[in-house]
Amino acid sequence: MSPTAQQWTPTHGEPYRPVAHRPERMPAGRTLESAAQLRERMGQRRTVRAFSTDPVPEQAVRDAIACAATAPSGAHQQPWTFVLVKDPEVRRRIRAAAEQEEQLSYEGRLGDEWLAALRPLGTDAVKAHLTDAPALIVVFQQRYWLGEDGSRRKHYYVDESVGIAVGMLLTALHLSGLAALVHTPSPMRFLAHVLGRPENEKAFAVVPVGYPADDCEVPDLVRKTLEQVLVEV
């Protein structure tokens, strides 16, 4: 945390206190150039499942998490916790529990339609990325605020808020030169147990972080074009 950063405290029920916001406007030419560069760089992002065991700069991962934590959230309640898991034994326990659940899913719990949708991705119940990647970011959603005295307050738009934060996390990691994967073993209750998280937190996603393995392969996929996803009115 920088020396000038303020420590967050709950603001529930406090009055509206506006502050001036006057960011410098970027010239149109620079805006177009930046947007084109970002579009090109993000077009190169791929989901990676084959990771090198080489270490990554830990501060880059922390900075990416800090970027994710700037995401908008319902009533600015910031209902997320990011658990950075580096310990090999903890990652081994997570992998063992995840593969147990995944095996049940691929043996029938997913259903034929879901399995057919996954087939072009080449996935299976083996999740080597959970131990090969040098770091895991386990993202938890805080279903409600839990005070030190045990008091509770409802959080709003939790799924949407945490989903946006994860998207920003992936963007920050990619732009930092790191590879990542969003892994959502189902069910994920074991993650709160393994990581000792409090009762108000529910696992949302596991994001392995690292560099692609030397022999990394990814599915031959095609993204929708802008014309296929954009409607202008």
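What you see is a predicted model, and the numbers here were worked out from it, not measured in a lab.
Clustering ILVMFWY residues whenever any of their side-chain heavy atoms sit less than 4.5 angstrom apart, transitively, puts V194 in the very cluster that holds V83. Under the 4.5 Å side-chain contact rule for hydrophobic residues, V61 and V166 share a cluster. In this structure, F204 is a member of the same hydrophobic cluster as V209, with clusters built from ILVMFWY side-chain heavy atoms closer than 4.5 Å. Note on L118 and L221: same hydrophobic cluster, where clusters join Ile, Leu, Val, Met, Phe, Trp and Tyr whose side-chain heavy atoms are under 4.5 Å apart, directly or indirectly.
Taking both residues in full, the closest heavy atoms of F51 and G210 are given as CE2-N, 3.6 Å, listed atom of the first, atom of the second, then distance. Considering every non-hydrogen atom in both A203 and M188, the closest pair reads O-CE, 3.4 Å. For the pair P134 and T53, the tightest heavy-atom approach, listed with the atom from each and the gap, is CB-O, 4.4 Å. Considering every non-hydrogen atom in both A116 and P120, the closest pair reads O-CD, 3.5 Å. Closest heavy-atom contact between E102 and P185: OE2-CA, 3.6 Å. Contact detail for P57 and Y211: the closest heavy-atom pair is CD-OH, 3.3 Å.
Here the CZ-CZ distance, from R49 to R46, works out to 9.5 Å after rounding to the nearest 0.5 Å. Distance check: K154 NZ to Y156 OH gives 5.5 Å after rounding to the nearest 0.5 Å. We find the CG-CG distance between L115 and L110 to be 5.0 Å, quoted to the nearest 0.5 Å. Atoms CD1 and CZ, from I65 and F82 in turn, are 7.0 Å apart once rounded to the nearest 0.5 Å. For the atom pair OG1 (T31) and CD (E33), the distance works out to 10.0 Å, reported to the nearest 0.5 Å. To the nearest 0.5 angstrom, L84 atom CG is 8.5 Å from L136 atom CG.
In this structure, the side chains of C67 and M168 stay at 4.5 Å or more apart for every pair of heavy atoms. The side-chain heavy atoms of V218 and T47, taken from C-beta on, include no pair separated by under 4.5 Å. Contact annotation: the side chain of D54 never approaches that of V56 to less than 4.5 Å [non-hydrogen atoms, C-beta and beyond]. With a 4.5 Å cut-off on side-chain heavy atoms, L130 and P208 count as touching. Using a 4.5 Å cut-off on side-chain heavy atoms (C-beta onward), C216 and V48 make contact. In this structure, S161 and H155 have side chains that are not in contact, with every pair of non-hydrogen atoms separated by 4.5 Å or more.
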Trace of the side-chain contact (heavy atoms from CB on, under 4.5 Å) decision for V206 with V182: CA-CA 6 Å; V206 182; V182 176; over 6 Å; no
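Sorted by first and then second residue, the salt bridge (charged side-chain N to carboxylate O under 4.0 Å, His left out) pairs with a member in residues 210-230 form an empty list; sequence neighbours excluded. Sorted by first and then second residue, the side-chain hydrogen bond (donor to acceptor under 3.5 Å, both in side chains) pairs involving residues 109-124 (not counting sequence neighbours) are E101-R109, S105-R109, Y106-T123. Listed by first and then second residue, the salt bridge (charged side-chain N to carboxylate O under 4.0 Å, His left out) pairs involving residues 201-210 are R197-E201 (not counting sequence neighbours). Listed by first and then second residue, the side-chain hydrogen bond (donor to acceptor under 3.5 Å, both in side chains) pairs that reach into residues 62-76 are E58-R62, Q59-D63, H76-Q78, sequence neighbours excluded.
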Distance-only donor-acceptor hits, side chain of residues 19-29, under 3.5 Å, sequence neighbours excluded:
none

Using a 3.5 Å cut-off and no angle test, enumerate the donor-acceptor pairs between side-chain atoms of residues 137-146 and protein atoms at least two apart in sequence or in another chain.
unit_1, atom_1, unit_2, atom_2, d
Q141, NE2, D159, OD1, 2.9
Q142, NE2, W80, O, 3.0
Q142, NE2, T81, OG1, 2.8
R143, NH2, E199, O, 2.5
Y144, OH, E199, OE2, 3.0

Using atom types as modelled, flag every donor-acceptor pair under 3.5 Å from a side chain in residues 170-180 to any protein atom, sequence neighbours excluded.
unit_1, atom_1, unit_2, atom_2, d
T171, OG1, G167, O, 3.0
H174, NE2, R41, O, 2.6
S176, OG, A172, O, 2.8

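The hydrophobic cluster around L226 extends to V229, L230, counting ILVMFWY residues whose side-chain heavy atoms fall within less than 4.5 Å of a member.
Judged purely by atom type and a 3.5 angstrom limit, T184 has no side-chain atom pairing as donor or acceptor with the backbone of A205.
Defined by atom type and a distance below 3.5 Å, a donor-acceptor pair is present between the side-chain atoms of R95 and T131. Counting only N and O atoms by type, the side chains of E107 and Q103 include a donor and acceptor under 3.5 Å apart.
By the ring-ring contact (aromatic ring centres under 6.0 Å, His included) test, H183 is found to be paired with H129, residues two or more places apart in sequence or in another chain being considered. Every residue was checked against the salt bridge (Lys or Arg N to Asp or Glu O under 4.0 Å) condition with R93, not counting sequence neighbours, and none meets it. Under the side-chain hydrogen bond (donor to acceptor under 3.5 Å, both in side chains) criterion, E14 pairs with R17, sequence neighbours left out. In this view, E89 and R92 satisfy the salt bridge (Lys or Arg N to Asp or Glu O under 4.0 Å) rule, not counting sequence neighbours.
The neighbour count for E40 CD, taken as heavy atoms of other residues, nucleotides or ligands under 6.0 Å away, does not exceed 12.
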